[in-house]
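When a residue number appears, it is its place in the shown sequence, counting from 1. FYI, side chains are in, hydrogens and waters are out, and symmetry mates aren't considered; it's all heavy atoms of this structure.
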Amino acid sequence: LNEAIRWGLEYRKRSPQAQALSDVAVARLALGITQARSGRPREALQNFQAARADFDEAIRLTPDLPMMRWRQARVYEWIGKTHATLKSPACRDGFSQAAAQFEQLRAANRIAPADRNEPERLRRLAST
């Protein structure tokens, strides 16, 4: 995954388009998930924050791609899970932001039926 990030960053230098940003963000999300599941939450948070920033920029460049917003919602969800592991109250913010992203997708009718209940699930996590 580190190699994928390195390659993606090299590609991004030559092509600063939304897809290149998204590719790096997806690799960072995957690395963060791996780190979170491997008991390295602080490293995971660094990758999740970097992925969030990459998705912010990609969405700014091409705001009509729902998959980027869906992936960014997953980044926020993992930020919440990782903060919960660290027993940090910041978990609430991560889950709330993930719910808001899914609500935007649902309101625009650009979300898969399987994901339509995600805002409620994430809001329940935020409230606990």
Side-chain angles (χ1 to χ4, degrees):
L1 290 168
N2 281 319
E3 191 68 8
I5 292 168
R6 189 183 67 75
W7 286 343
L9 291 171
E10 286 296 317
Y11 175 62
R12 197 163 91 182
K13 287 178 188 174
R14 295 187 309 275
S15 177
Q17 298 171 359
Q19 186 59 52
L21 290 163
S22 177
D23 291 347
V24 172
V26 167
R28 286 183 169 152
L29 172 59
L31 181 57
I33 291 170
T34 301
Q35 291 167 328
R37 289 181 174 165
S38 300
R40 297 173 14 211
R42 295 190 196 291
E43 292 168 305
L45 276 174
Q46 291 174 346
N47 280 298
F48 294 141
Q49 294 295 354
R52 185 203 48 79
D54 287 341
F55 279 127
D56 281 348
E57 180 62 13
I59 289 167
R60 186 188 69 74
L61 292 170
T62 53
D64 289 340
L65 294 178
M67 184 52 72
M68 280 193 224
R69 291 186 183 276
W70 186 91
R71 288 178 176 149
Q72 188 175 50
R74 290 297 179 215
V75 168
Y76 283 126
E77 179 181 7
W78 274 97
I79 288 171
K81 287 179 182 180
T82 307
H83 276 294
T85 297
L86 293 169
K87 309 238 184 300
S88 165
C91 66
R92 180 176 296 120
D93 187 50
F95 290 134
S96 296
Q97 289 183 21
Q101 285 286 92
F102 277 113
E103 284 171 352
Q104 286 179 356
L105 289 168
R106 188 171 62 186
N109 204 24
R110 300 191 75 180
I111 191 169
D115 295 320
R116 293 194 71 75
N117 293 325
E118 286 297 272
E120 289 76 20
R121 180 182 71 82
L122 293 162
R123 292 224 186 274
R124 276 194 308 276
L125 286 171
S127 69
T128 59

Exercise for review: Answer yes if Ile33 and Ile5 sit in the same cluster of Ile, Leu, Val, Met, Phe, Trp and Tyr residues linked by side chain heavy atoms under 4.5 Å apart, and no otherwise.
Suggested key: no
Practice item. Taking atom types as modelled, find out whether Arg69 and Gln72 have a side-chain donor-acceptor pair closer than 3.5 angstrom. Key: no
Practice item. Answer yes or no: is there an ion pair linking Arg60 with Asp56, defined by an N-O contact shorter than 4.0 Å? Key: no
Review point. Could you give the distance from CZ (Arg116) to CZ (Arg121), rounded to the nearest 0.5 Å?
Key: 15.5 Å
Review point. Looking only at heavy atoms, which two atoms of Ala44 and Thr82 are closest? And how far apart?
Key: CB-CG2, 4.4 Å
Review point. Taking the side chain as C-beta and beyond, is there a heavy-atom pair between Leu1 and Asn47 under 4.5 Å?
Key: no
Practice item. Flag yes if Phe102 and Trp78 sit in one hydrophobic cluster, no otherwise; membership is Ile, Leu, Val, Met, Phe, Trp, Tyr, and two members link when side-chain heavy atoms are under 4.5 Å apart. Key: no
Check your understanding: Considering only heavy atoms from C-beta outward, does the side chain of Ser96 approach that of Arg123 to under 4.5 Å?
Key -> yes
Practice item. Answer whether the closest heavy-atom distance between the side chains of Arg110 and Asp64 falls below 4.5 Å. Key: yes
Point to revise | Intermediate values then yes/no, salt bridge (charged side-chain N to carboxylate O under 4.0 Å, His left out), Arg71 and Asp54 | key: CA-CA 11 Å; Arg71 288 178 176 149; Asp54 287 341; over 6 Å; no
Check your understanding: Any idea which heavy atoms bring Phe95 and Gly80 closest together, and the distance?
Key -> CZ-C, 3.5 Å
Point to revise | Residue pair Arg106 / Asp115, side-chain heavy-atom distance below 4.5 Å | key: no
Point to revise | From CD (Glu3) to CG (Leu31), nearest 0.5 Å | key: 12.5 Å
